[in-house]
*Asks:* 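Sharing a structure below in structure tokens format, with a few things to ask.
Below, chains carry the letters A, B, ... as their sequence lines are ordered, and counting in each starts from 1.
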Amino acid sequence: MTETEKRPKDFIRTIIEADLRSGKHSGVVTRFPPEPNGYLHIGHAKSICLNFGVAGEYGGVCHLRFDDTNPTKEDVEFVDSIQEDVRWLGFDWGDKLFYASDYFEKLYDYAVQLIRDGKAYVDSLSADEIRAYRGTLTEPGRNSPYRERSVEESLDLFARMRAGEFADGAHVLRAKIDMASGNINMRDPTIYRIRKAHHHRTGDAWCIYPMYDYTHCISDAEEKITHSLCTLEFEDHRPLYDWVLDELATPCHPQQIEFARLNLSYTVLSKRKLLRLVADKHVTGWDDPRMPTIAGLRRRGVPPAAIRNFCERIGLAKRDSLVDVAMLEHAVREDLNAVAPRYMAVLDPIRVVIENYPDDQVEELDAVNNPEDPSAGSRVVPFSRVLYLERDDFREDPPKKFFRLSPGREVRLRYAYFITCTGVVKNDAGEIVELRCLYDPETRGGDAPDGRKVKSTLHWVSAAHAVEAEARLYDRLFTKEDPDDVPEGGDFTDNLNPASLAVVTAFLEPALAAVAPGTTVQFERLGYFCPDARDWTAERPVFNRTVTLRDSWARIEQKG
RNA sequence: UGAGGAGUGGGCUAAUUGGUAAGCCACCUGACUCUGGAUCAGGCGAUUGCAGGUUCGAGUCCUGCCUCCUCAGCCA
């Protein structure tokens with residue numbers, strides 16, 4: 001928390017500090033208010049980090065509140081997954097777990113009060129009629145013929161709505177504000193509708209449900225929230241938020257402050273589009289490692305700390321922006337580099353025979369687990385006469401600046417020996433099927449006593465000891481920075497990356513078969529990988545690639 | 001033609017609130033290295049949307065304009 005003083009203050013923290021200094025508030029209370037109708041994604045993580053972060057920094061608390069006012073869309077499956085995700089991200093709401101549905105009775109009483117005050121009325125227009133009366137963006141709306149209905153009649157109707165006397169859609173309760181307002185949200189917004197549906201928490205106790213605008217501000221006030229942080233699209237709703245709290249005698253009047261939601265390049269972050277990807281089977285589910293959901297990132301092997309650091313770095317402002325995924329990838333590598341244990345694995349093997357190495361000999365060589373962290377210790381890796389090397393690490397005709405293995409060239413096998421390529425074996429089709437090499441017994445462990453150097457160090461695996469596994473090589477889900485950038489008539493699925501997943505058989509050093517689930521490791525020189533939480537079996541280990549290592553050779557090669 | 005909001009290097013964000021544009025990501029060089037990783041050093045790159053004005057001095061103040069985003073659910 002000491003690094004927060006170095007970080008420049010965003011506009012929200014600036015406001016909060018001013019409120020604390022002026023004595024407007026003596027503490028801060030925030031809330032993260034998801035609707036339990038879907039999975040959390042990295043855009044939500046921005047909000048979670050903000051709300052819990054701010055509360056933590058100023059010695060306050062952050063509530064977790066489910067905005068569950070629409071029983072037709074919500075489900076306990078989502079309230080469970082949301083709690084799991086927030087906890088996994090590293091945040092704790094203590095005993096401050098709330099549900100908007102906890103306030104249904106109170107919300108009803110407040111609504112009755114609004115009617116009594118002549119500030120709300122039961123409207124009996126149909127949904128279509130209400131829309132027609134609402135006007136347009138440029139033309140004012142017209143008053144509903146029921147707008148001047150008596151307080152008594154509205155009270156009676158509202159009570160009977162609650163009692164279940166009417167069918168869905170027969171009546172609604174509307175706030176009486178201003179049908180001519182330039183802000184459409186103020187044109188007598190609906191605050192209650194009839195919905196004879198089973199609610200995941202209140203069951204069948206209610207058949208009328210309050211709308212978001214009416215519920216959210218009152219919930220905030222009841223919980224004594226000081227700063228209600230939400231995204232830009234609610235800016236237009238703030239006058240309504242304030243109107244409701246001004247009209248009612250609520251415990252307090254929180255301040256709503258809006259910030260720009262996160263947009264990430266090469267991905268989509270809207271519940272609707274994410275749902276499309278799942279429903280249309282473009283991915284295997286909400287936790288598909290290619291999904292920007294918290295569940296997907298977790299399964300991909302991204303550590304929660306990386307997500308938190310990412311959210312801290314992208315800043316906070318009011319302008320719409322598109323954050324480069326490279327920023328996320330950087331945060332992931334940065335975190336993993338420090339903590340991920342190293343192992344060797346070959347993804348695209350080429351067989352190598354060390355001709356001068358005894359046929360029946362096996363040596364156990366020491367290998368460092370993490371050069372960044374001496375306390376991680378070391379392990380032992382078996383070495384023998386026949387090895388697998390990465391096919392990419394050999395070129396029969398090496399281009400300039402290619403330092404890896406080629407005929408006549410000497411390289412180091414990591415933690416093992418120097419070897420020199422002496423021959424290439426090809427099949428009838430002319431494809432290389434095997435490399436013949438000689439090793440220098442004097443270089444055991446990786447150093448030459450005569451001090452000679454090699455230009456590169458390669459990873460390897462002993463063929464006889466290798467464990468076969470499935471490796472899922474993930475890449476960006478979309479080929480375009482903005483997936484919505486499509487020609488007329490197209491849609492974002494047109495930009496799906498056909499190569500977002502490549503499945504290969506990998507050959508692992510034996511120790512990798514025992515990696516604990518939930519830990520992300522580094523396959524040296526290749527990238528970070530983690531055991532798949534769903535499909536891993538002892539017979540067939542499955543590793544997901546979290547992110548590749550930075551690859552400067554690939555860049556050199558690309559430039560030609 | 002309504003209401004609300006936003007424009008700072010390629011991307012994201014900052015500027016003690018009128019004092020001469022900073023950081024991160026990306027990119028490029030070099031050093032170092034038993035990961036072409038990491039690390040370190042350096043570099044490229046902004047007349048702060050445009051045009052005026054006030055001022056000794058403007059990203060910050062004033063005027064006009066331009067561009068972009070959000071809103072017409074009985075969704076949140």
Side-chain angles (χ1 to χ4, degrees), chain A residues 6-10 33-35 37 67-70 72-74 100 123 125-127 130-131 134-141 168-174 180-187 189-195 208-209 211-213 215-216 230-239 258 260 265 271 312-331 333-334 337-338 342 344 367-368 371-372 401-404 412-416 418 445-447 453-459 481 522-527 548-556:
Chain A
K6 276 185 285 178
R7 183 177 56 199
K9 297 271 181 298
D10 54 72
E35 181 188 14
N37 72 341
D67 234 319
D68 56 351
T69 58
N70 186 353
T72 62
K73 289 190 174 175
E74 296 147 8
D123 195 354
L125 251 24
S126 70
I130 286 180
R131 188 178 316 117
R134 187 156 33 228
T136 68
L137 291 177
T138 53
E139 302 156 29
D168 286 13
H171 307 282
V172 292
L173 183 68
R174 292 230 255 168
S181 172
N183 182 345
I184 289 184
N185 296 300
M186 300 298 271
R187 319 240 263 231
T190 299
I191 58 178
Y192 264 94
R193 76 287 213 188
I194 300 171
R195 193 132 300 178
I208 57 172
Y209 292 91
M211 299 282 288
Y212 165 83
D213 285 305
T215 307
H216 201 87
C230 63
T231 43
L232 251 29
E233 65 269 29
F234 292 103
E235 220 154 13
D236 291 346
H237 296 240
R238 192 181 345 124
E258 311 83 14
S265 63
K271 276 186 186 172
E312 211 168 272
R313 267 169 221 237
I314 55 176
L316 190 70
K318 292 198 73 158
R319 66 175 109 158
D320 300 296
S321 57
L322 179 65
V323 174
D324 194 338
V325 261
M327 192 89 98
L328 212 211
E329 292 169 350
H330 171 81
R333 291 191 186 105
E334 181 181 56
N337 174 56
R342 271 63 166 173
M344 291 195 285
V368 169
E372 302 290 323
K401 291 189 185 166
F402 181 87
F403 303 144
R404 282 112 95 145
R412 170 168 43 231
L413 296 184
R414 181 139 230 219
Y415 300 125
F418 283 14
D447 285 303
K453 302 289 185 191
V454 288
K455 297 224 41 173
S456 85
T457 301
L458 308 182
H459 62 277
E481 193 173 83
Q522 184 189 110
F523 286 5
E524 292 217 35
R525 304 210 304 136
L526 297 173
T548 61
L549 250 30
R550 294 182 78 226
D551 187 348
S552 49
W553 164 244
R555 241 171 280 150
I556 293 169

*Asks:* Using atom CD of A:E334 as one end and atom C1' of B:G37 as the other, report the distance to the nearest whole Å.
*Replies:*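 To the nearest whole Å, that distance equals 14 Å.
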*Asks:* Starting from P on B:G37, measure out to CD on A:E524 and report it in whole angstrom.
*Replies:* 13 Å
*Asks:* Across the strands shown, which category fits A:L526 at heavy-atom distances under 4.0 angstrom: base, sugar-phosphate, nothing?
*Replies:*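 Answer is nothing: A:L526 stays at 4.0 Å or more from every strand.
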*Asks:* Roughly how many Å is it from CE in A:M344 to C1' in B:G37, rounded to a whole number?
*Replies:*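 Taking CE of A:M344 and C1' of B:G37, I get 15 Å after rounding.
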*Asks:* What does nucleotides 68-76 of chain B look like as a protein-contact string, B for base, S for sugar-phosphate only, - for none, at under 4.0 angstrom between heavy atoms?
*Replies:* -SBBBSBSB
*Asks:* Taking atom P of B:G36 as reference, at what distance in whole Å does atom NZ of A:K453 sit?
*Replies:*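 Distance, rounded to whole Å: 15 Å.
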*Asks:* Nearest heavy atom decides the nucleotide; on that basis, is A:L322 or A:R404 closer to the 5' end of RNA chain B?
*Replies:* A:L322
*Asks:* Between B:C25 and A:H330, is there an OP1 or OP2 to side-chain N/O distance shorter than 4.0 Å?
*Replies:* yes
*Asks:* Nearest heavy atom decides the nucleotide; on that basis, is A:N337 or A:V323 closer to the 5' end of RNA chain B?
*Replies:*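 That would be A:V323.
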*Asks:* Using atom names, set out every protein N or O paired with an N or O of nucleotides 29-33 of chain B below 3.5 Å, distance rounded to 0.1 Å.
*Replies:*
unit_1: B:U29; atom_1: OP1; unit_2: A:K559; atom_2: NZ; d: 3.3

*Asks:* Across the strands shown, which category fits A:R313 at heavy-atom distances under 4.0 angstrom: base, sugar-phosphate, nothing?
*Replies:* sugar-phosphate
*Asks:* Roughly how far apart are A:D168 CG and A:I208 CD1, rounded to 0.5 Å?
*Replies:*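 Reported to 0.5 Å precision, the distance equals 12.0 Å.
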*Asks:* Side-chain N or O of A:S321 less than 4.0 angstrom from OP1 or OP2 on B:U13?
*Replies:*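 The answer is yes; a side-chain N or O of A:S321 sits under 4.0 Å from OP1 or OP2.
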*Asks:* For a quick test of reading the model: is some side-chain N or O of A:R550 closer than 4.0 Å to OP1 or OP2 of B:C27?
*Replies:*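 So the side chain of A:R550 is within the cut-off, an N or O lying under 4.0 Å from OP1 or OP2 of B:C27.
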*Asks:* For the base of B:U35, is there a side-chain donor-acceptor partner from A:R342 under 3.5 Å away?
*Replies:* yes
*Asks:* How many Å lie between CE on A:M327 and P on B:C27, as a whole number?
*Replies:*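 Roughly 13 Å, once rounded to whole Å.
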*Asks:* Between A:R525 and B:G36, does any side-chain N or O lie under 4.0 Å from OP1 or OP2?
*Replies:* yes
*Asks:* Given atom CD of A:E312 and atom P of B:U13, what is their separation to the nearest angstrom?
*Replies:* 15 Å
*Asks:* Give A:E372 one of three labels, base, sugar-phosphate or nothing, depending on what nucleic acid heavy atoms sit under 4.0 Å from its own.
*Replies:* base
*Asks:* Give the stems involving RNA chain B, where a stem is 3 or more consecutive Watson-Crick or G-U wobble pairs (i with j, i+1 with j-1, and so on) under 3.5 Å.
*Replies:*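 Stems (3+ consecutive pairs) listed as B:2-7 with B:66-71, B:10-13 with B:22-25, B:27-31 with B:39-43, B:49-53 with B:61-65.
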*Asks:* Grab the CG-P distance between A:D324 and B:G9 for me, whole Å please.
*Replies:*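 So the two atoms are 16 Å apart, to the nearest Å.
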*Asks:* Identify the residue among A:V325, A:V323, A:L328 that makes a side chain to side chain contact (heavy atoms under 4.5 Å, CB included) with A:S265.
*Replies:* A:V325
*Asks:* Which word best sums up how the rings of A:Y212 and A:F234 line up, parallel for under 30°, tilted for 30 to 60°, or perpendicular for over 60°?
*Replies:* tilted
*Asks:* If the glycosidic angle is within 90 degrees of 0 it's syn, otherwise anti, so just tell me which one B:G45 is.
*Replies:*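 Anti conformation here, the glycosidic angle of B:G45 being more than 90° from 0.
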*Asks:* Roughly how many Å apart are B:C61 and B:G43, using the P atom of each and rounding to a whole number?
*Replies:* 33 Å
*Asks:* Ignoring hydrogens and angles, are the base of B:U35 and the side chain of A:Q522 linked by a donor-acceptor pair under 3.5 Å?
*Replies:*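 A donor-acceptor contact between them is present.
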*Asks:* Does B:U17 fall in syn (glycosidic angle within 90° of 0) or anti?
*Replies:*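 Glycosidic conformation of B:U17: syn.
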*Asks:* Tell me what A:Y209 touches on the nucleic acid: a base, only sugar-phosphate, or nothing, going by heavy atoms under 4.0 Å.
*Replies:*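 Counting heavy atoms under 4.0 Å across all strands, no contact is made by A:Y209.
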*Asks:* For A:T457 and A:R412, does a side-chain donor sit closer than 3.5 Å to a side-chain acceptor?
*Replies:*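 A:R412 and A:T457 do have a side-chain donor-acceptor pair below 3.5 Å.
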*Asks:* Decide salt bridge (Lys or Arg N to Asp or Glu O under 4.0 Å) for A:R238 and A:E258; before the verdict, give the C-alpha distance in whole Å, the side-chain angles of both, and the deciding distance to 0.1 Å.
*Replies:* CA-CA 9 Å; A:R238 192 181 345 124; A:E258 311 83 14; 2.6 Å; yes
*Asks:* Would you compute the distance between atom CG of A:L549 and atom CZ of A:R525 and round it to the nearest 0.5 angstrom?
*Replies:* 10.0 Å
*Asks:* Working to the nearest 0.5 Å, report the span between NZ of A:K453 and CZ of A:F418.
*Replies:* 7.5 Å
